[in-house]
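So the structure is just underneath, and the comments pick up after that.
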Amino acid sequence: IGFELWQVKSGTIFDNILVTDDVEYAKQFAQETWGAMKDIEKKLFDDTKAAEEAEAKARFEEEQAKSEIPVEDDEDDEDDDEVEHDEL
């Protein structure tokens with residue numbers, strides 16, 4: 001028996017592969033292996049994803065704060081609003 005496995009997303013893990021012709025045994029095996037771990041794995045995945053998103057947001061906000069140039073408020077400098085024109 002051979003099979004080719006294509007994965008769409010890197011990091012996907014496949015385990016507990018079963019080859020059988022007994023449907024009832026396959027269902028029982030699924031409940032004992034995948035069924036027992038699916039909720040735990042989903043919570044871990046969701047927690048990891050949330051932590052990664054929070055970290056990315058914090059990095060983005062930090063970079064934004066670094067790139068902001070402080071604007072000086074010169075009330076005495078009234079010619080800032082004037083537009084320069086080329087003289088003909």
Side-chain angles (χ1 to χ4, degrees):
I1 295 178
F3 62 92
E4 183 174 352
L5 179 65
W6 289 64
Q7 77 184 53
V8 176
K9 186 176 180 183
S10 69
T12 303
I13 299 172
F14 294 90
D15 60 359
N16 300 326
I17 297 173
L18 174 69
V19 178
T20 184
D21 63 349
D22 187 343
V23 176
E24 290 305 314
Y25 178 72
K27 288 179 182 179
Q28 175 188 354
F29 182 83
Q31 284 302 324
E32 291 172 357
T33 56
W34 175 80
M37 296 299 294
K38 71 177 181 169
D39 293 334
I40 295 167
E41 290 176 356
K42 178 159 179 23
K43 181 173 179 0
L44 288 172
F45 175 80
D46 292 344
D47 291 349
T48 301
K49 186 175 180 180
E52 289 172 354
E53 289 174 355
E55 182 179 330
K57 182 179 178 183
R59 280 195 314 263
F60 176 76
E61 289 172 352
E62 181 180 323
E63 289 299 318
Q64 288 292 341
K66 285 180 184 178
S67 68
E68 290 181 2
I69 300 171
V71 177
E72 294 182 21
D73 188 20
D74 271 345
E75 292 181 17
D76 297 339
D77 201 6
E78 294 177 11
D79 63 339
D80 286 344
D81 295 334
E82 293 180 15
V83 179
E84 290 187 30
H85 298 283
D86 290 337
E87 292 186 27
L88 297 177

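For this chain, numbers begin at 1 and follow the sequence in order.
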Report task. For R59 and E55, run salt bridge (charged side-chain N to carboxylate O under 4.0 Å, His left out): C-alpha distance rounded to whole Å, both residues' side-chain angles, the deciding distance at 0.1 Å, then the answer. Result -> CA-CA 6 Å; R59 280 195 314 263; E55 182 179 330; 2.8 Å; yes

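- Counting only residues at least two apart or in different chains, side-chain hydrogen bond (donor to acceptor under 3.5 Å, both in side chains) contacts with residues 29-40 comprise Q28-E32.
- Using a 4.0 Å cut-off between charged side-chain N and carboxylate O, E53 and K57 make no salt bridge.
- The only option from K43, K49, K42 that meets the salt bridge (charged side-chain N to carboxylate O under 4.0 Å, His left out) definition with D46 turns out to be K42.
- Contact between T20 and A26 at its shortest, heavy atoms only, is CG2-CB, 4.0 Å.
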